[in-house]
Amino acid sequence: MDIAIIGGGAAAVGLLDALARAGTSGPVTVFEPSPHLWRGRPYGPDLDSVLVNVPPAIMSIRHGDRDHYAAWLGARATEHMDERLGHPIVPRPLYGRYLEDTAEKAAAELGVRVVESAVVAVTRAGGRLALRTSDGSVHLADQVALCVGGGRPRDHYGLEGTPGYIGDPYPLARTLENVAPDREVMVIGSGLTAIDVVVSLAARGHTGPISLVSRTGMLPYVWQRPGPYRPRHVTVERVQALGEVTLDGLEGLLRAEMAEAGEDLGALVEDLRGAWTEDPVARLRRQLADIDGPEIGRRVVQETAHTVGPHAWRLLGEADRERLRAWSRVATGVASPMVPVNAARLLELFDSGQLSVVRGAAGIGPNAADVVVNAVNPPPHSIPGGAAELAASLVDERLAAPYPSGGLVPADPRVHIVGDLAGDGPFITSGIPGVAAQGAAAARAIGAALT
Ligand SMILES: Cc1cc2nc3c(=O)[nH]c(=O)nc-3n(C[C@H](O)[C@H](O)[C@H](O)COP(=O)(O)OP(=O)(O)OC[C@H]3O[C@@H](n4cnc5c(N)ncnc54)[C@H](O)[C@@H]3O)c2cc1C
């Protein structure tokens, strides 16, 4: 039985690791056209200022083993401590090496073959599936996992081809290379990618003005120092025990968690609402001062959004999902906060007057600044450009179906989707725990089909 994995980023690594641990027998073929096998879009070679956004306990690509990444990091952790966070935050290329090492171990056990081409179509071929690659070759498989990621930023403002426009900021080592230090830079977006751009400009000694321009003008929250507290109510088990899962039920779990610690959910919700109206720099300053605050509420949300959240999301009714989608910008900001070392750098730049944040997109256009950097990633469930033809073929062959709110869902038991292409997946971009959990679930389904 041949297993084909389309895409060789973090999702594929989580899947391969789970297949190897389950003792699944291959052969396995991975299709990946980029030169940075196992690293995907975020973790390829880049500047040292491009950091992971999450502490080690929630960066393990091995589902169910929170310590796997920290153990790999070992003594290297001391060189990369974010002192305010109390945990190492490494350059993303170093995390890419962890993914490479994990994948290579699993690949050796499974006997993986890598094909350095994109898959452009999957069709039915007798009782099997035929994968056609961009060079016209055809490969037969019995199980197919799609791990194609979310793709690159879209050109919402029609700026492609205008002088000074950078349509995709990564790798920043290349895109910022020719940005002279005194140039005026406008960054479209104010999320984590925009922050990567700003701290990388600063690390290169940029002296010109930088503005972050976005529809909401919201900055992500700042991580609080993780503590020993482990959630007792907001857990997968307690979500399952709810029976019918509703937003009110989930809110009840968080309320109970916080009440036990003497905290009020209402105060946290008020703080979240403030993101729409409060001055983003004032919020940043307050959150930076609150990294060591003793409250557990936001810490529980930050962690469980990526661990319990994806599980709960799949059990929620459509009306509750719609309520949550209306909050997606705030939810993304609290679930995927910035690391303190970046927050401190940002605040220095705001305080010096070099950096500003602009709410509203009216000023975005050609020649809005010397350099305009697009830092708005596609939302979850987007179909990456490099997988558009592939997705169309899967739908044509009734192997997958478009999901009403975007993305695809499998329509054949031999097809599996790991990562943000999964239409029934969460409304916020998956972190590593989310793709690792999906990889483990796909490995179980593939294992069951092969026995
Ligand atoms: C800039 C950035 C930073 C991030 N930082 C963090 C972080 O610090 N912590 C965290 O938890 N999460 C982070 N994330 C979230 C991120 O989504 C996950 O960490 C993870 O990288 C997703 O992996 P993936 O394999 O699904 O997608 P990707 O990493 O995008 O990999 C998909 C791969 O599929 C390949 N592919 C696409 N189409 C085809 C095709 N037709 N045929 C063959 N191959 C194809 C692509 O070349 C690519 O290599 C970050 C995301 C981004 C965009």
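Just so you know, ligand 1 is whichever comes first in the structure, and atom 1 is the first atom listed for that ligand.
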Check your understanding: Which of the atoms in ligand 1, numbered in the order shown and given with their element, are less than 4.0 Å from a heavy-atom of G7?
Key -> 34 (O), 35 (C), 43 (C), 44 (N), 45 (C)
Practice item. Say whether S405 and R321, considering side chains only, have a donor N or O and an acceptor N or O under 3.5 Å apart. Key: no
Check your understanding: Does A10 reach ligand 1 with a nitrogen or oxygen that is under 3.5 Å from one of the ligand's nitrogen or oxygen atoms?
Key -> yes
Check your understanding: What's the shortest distance from atom 16 (C) of ligand 1 to any protein heavy atom, and which residue and atom give it?
Key -> S430 O, 3.7 Å
Practice item. Check whether any heavy atom of Y43 sits under 4.0 Å from an atom of ligand 1. Key: yes
Point to revise | Nearest-neighbour protein heavy atom for atom 8 (O) of ligand 1, which is reported as residue plus atom name and distance | key: N53 N, 2.8 Å
Review point. Considering distance alone, does some N or O of P433 sit under 3.5 Å from an N or O of ligand 1?
Key: no
Review point. Of the protein's non-hydrogen atoms, which lies at the shortest distance from atom 26 (O) of ligand 1, and what is that distance?
Key: A11 CB, 3.5 Å
Review point. Testing D46, D196, T175 for side chain to side chain donor-acceptor pair (under 3.5 Å) with Y170, which one passes?
Key: D196
**Study point:** Top protein contact for atom 27 (O) of ligand 1, by heavy-atom distance
**Key:** G149 CA, 3.2 Å
Check your understanding: Relative to the heavy atoms of G386, which atoms of ligand 1 are at a distance of less than 4.0 Å?
Key -> 38 (N), 40 (C), 41 (N)
Review point. Is any NZ, NE, NH1 or NH2 atom of the basic residue among D65 and R21 found under 4.0 Å from an Asp or Glu carboxylate oxygen of the other?
Key: no
Check your understanding: Between E177 and R174, is the closest basic N to carboxylate O distance under 4.0 Å?
Key -> no
Study note, to complete from the structure: The closest protein heavy-atom partner of atom 50 (C) of ligand 1 is P42 CG, 3.9 Å
Exercise for review: Verify whether one side chain among R76 and Y98 offers a donor that lies under 3.5 Å from an acceptor in the other.
Suggested key: no
Check your understanding: Which residue supplies the protein heavy atom nearest to atom 37 (C) of ligand 1, what is that atom called, and how far is it?
Key -> V148 O, 3.5 Å
Review point. N/O of G150 under 3.5 Å from N/O of ligand 1, yes or no?
Key: no
Point to revise | Stepwise salt bridge (charged side-chain N to carboxylate O under 4.0 Å, His left out) test for R230 and E303 | key: CA-CA 10 Å; R230 307 292 317 131; E303 176 170 344; 2.8 Å; yes
Review point. Taking only residues two or more places apart in sequence, or in another chain, which ones meet D168 in a side chain to side chain donor-acceptor pair (under 3.5 Å)?
Key: R41, R152
Practice item. Mark up the atoms of ligand 1 that fall under 4.0 Å of a heavy atom belonging to C147, in ascending order. Key: 32 (C), 33 (C), 34 (O)
Check your understanding: Rounded to the nearest 0.5 Å, what separation is found between the OG1 atom of T304 and the CZ atom of R299?
Key -> 13.5 Å
Point to revise | Validation row: H68, T102 side chains within 4.5 angstrom (heavy atoms) | key: yes
Study note, to complete from the structure: The option among H36, R41, M59 carrying the non-hydrogen atom nearest to atom 30 (O) of ligand 1 is R41
Exercise for review: Give the numbers and elements of all ligand 1 atoms closer than 4.0 Å to a heavy atom of G40.
Suggested key: 29 (O), 31 (O), 49 (O)
Study note, to complete from the structure: Rounded to the nearest 0.5 angstrom, the CG-CG distance for L99 and L94 is 10.5 Å
Review point. Are P384 and ligand 1 in contact, using a heavy-atom cut-off of under 4.0 Å?
Key: no
Check your understanding: Can you tell me the protein heavy atom closest to atom 48 (C) of ligand 1 and the distance?
Key -> E32 OE1, 3.4 Å
